[in-house]
Amino acid sequence: MAASDNSIAAKKALREELEAGNLMIAQALRRMRKIAGMNQTDCTKKIVATTHRICMEYERGQGNPTVETLNKIAGPFGYGVGFVKEKPT
């Protein structure tokens with residue numbers, strides 16, 4: 001499979017898992033960054049405009065990103081932060 005095919009497959013898998021509600025924010029952030037081919041330093045400089053340490057905390061689920069930061073990260077993937085209907089339990 002070519003690199004672009006891998007990227008397309010990874011984006012599709014990400015979309016499916018997000019729509020199913022199977023990813024925590026930290027997991028989604030890490031996968032989005034990796035799909036974009038960025039390391040944490042690149043992501044920090046080009047998208048989030050924060051420190052490398054804070055980016056690491058976000059991906060570990062230890063940080064507290066603002067809605068603005070989440071939208072900066074998710075925007076290039078066509079996502080934004082908002083309310084979604086909960087799944088029935």
Side-chain angles (χ1 to χ4, degrees):
M1 203 183 279
S4 64
D5 291 340
N6 285 335
S7 178
I8 292 168
K11 287 178 184 178
K12 181 180 178 190
L14 174 66
R15 184 184 69 243
E16 289 170 355
E17 289 190 62
L18 286 170
E19 290 174 359
N22 294 335
L23 292 177
M24 300 298 292
I25 290 174
Q27 295 167 315
L29 296 178
R30 182 181 197 101
R31 289 196 35 200
M32 286 179 186
R33 175 181 59 76
K34 287 186 173 196
I35 289 169
M38 293 185 188
N39 60 33
Q40 286 177 336
T41 302
D42 291 340
C43 184
T44 298
K45 290 178 183 175
K46 295 178 182 177
I47 297 177
V48 185
T50 189
T51 66
H52 181 258
R53 181 185 57 79
I54 290 173
C55 188
M56 284 176 31
E57 289 176 2
Y58 293 165
E59 289 189 7
R60 289 183 186 148
Q62 298 170 342
N64 189 17
T66 65
V67 170
E68 179 183 2
T69 297
L70 292 172
N71 280 323
K72 284 181 184 178
I73 296 167
F77 289 86
Y79 290 98
V81 176
F83 293 97
V84 294
K85 186 172 175 125
E86 289 186 18
K87 294 181 196 177
T89 54

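- Applying the side-chain hydrogen bond (donor to acceptor under 3.5 Å, both in side chains) rule to pairs touching residues 15-24 yields Glu17-Arg31, sequence neighbours excluded.
- Note that the CD atom of Gln27 and the CG atom of Leu18 stand 10.0 Å from one another [nearest 0.5 Å].
- Atom CG of Leu70 and atom CD1 of Ile25 lie 5.0 Å apart (nearest 0.5 Å).
- Every side-chain contact (heavy atoms from CB on, under 4.5 Å) that Met38 has, sequence neighbours left out, goes to Arg33, Ala36, Asp42, Cys43, Lys46, Ile47.
- The side-chain contact (heavy atoms from CB on, under 4.5 Å) search around Lys45 returns Thr41, not counting sequence neighbours.
- Cluster membership check: Ile73 shares its hydrophobic cluster with Val67, using side-chain heavy-atom separations under 4.5 Å among Ile, Leu, Val, Met, Phe, Trp and Tyr.
- Legend: residues meeting side-chain contact (heavy atoms from CB on, under 4.5 Å) with Ile54, ordered by chain and number and at least two apart, are Thr50, Thr51, Tyr58.
- What you find for Ala74 and Gly80 is that their closest heavy atoms are CB-N, 4.4 Å.
- Side-chain atoms of Leu23 and Met32, non-hydrogen and from C-beta on, never get closer than 4.5 Å to each other.
- Applying the side-chain contact (heavy atoms from CB on, under 4.5 Å) test to Ala26 and every residue at least two apart in sequence or in another chain returns nothing.
- For the atom pair OG (Ser7) and NZ (Lys12), the distance works out to 14.0 Å, reported to the nearest 0.5 Å.
- Closest heavy-atom contact between Lys11 and Ile35: CG-CG2, 3.6 Å.
- With sequence neighbours excluded, the residues satisfying side-chain hydrogen bond (donor to acceptor under 3.5 Å, both in side chains) with Glu57 are Arg53.
- Among residue pairs with one or both ends in residues 67-84, those qualifying as side-chain hydrogen bond (donor to acceptor under 3.5 Å, both in side chains) are Thr66-Thr69; sequence neighbours excluded.
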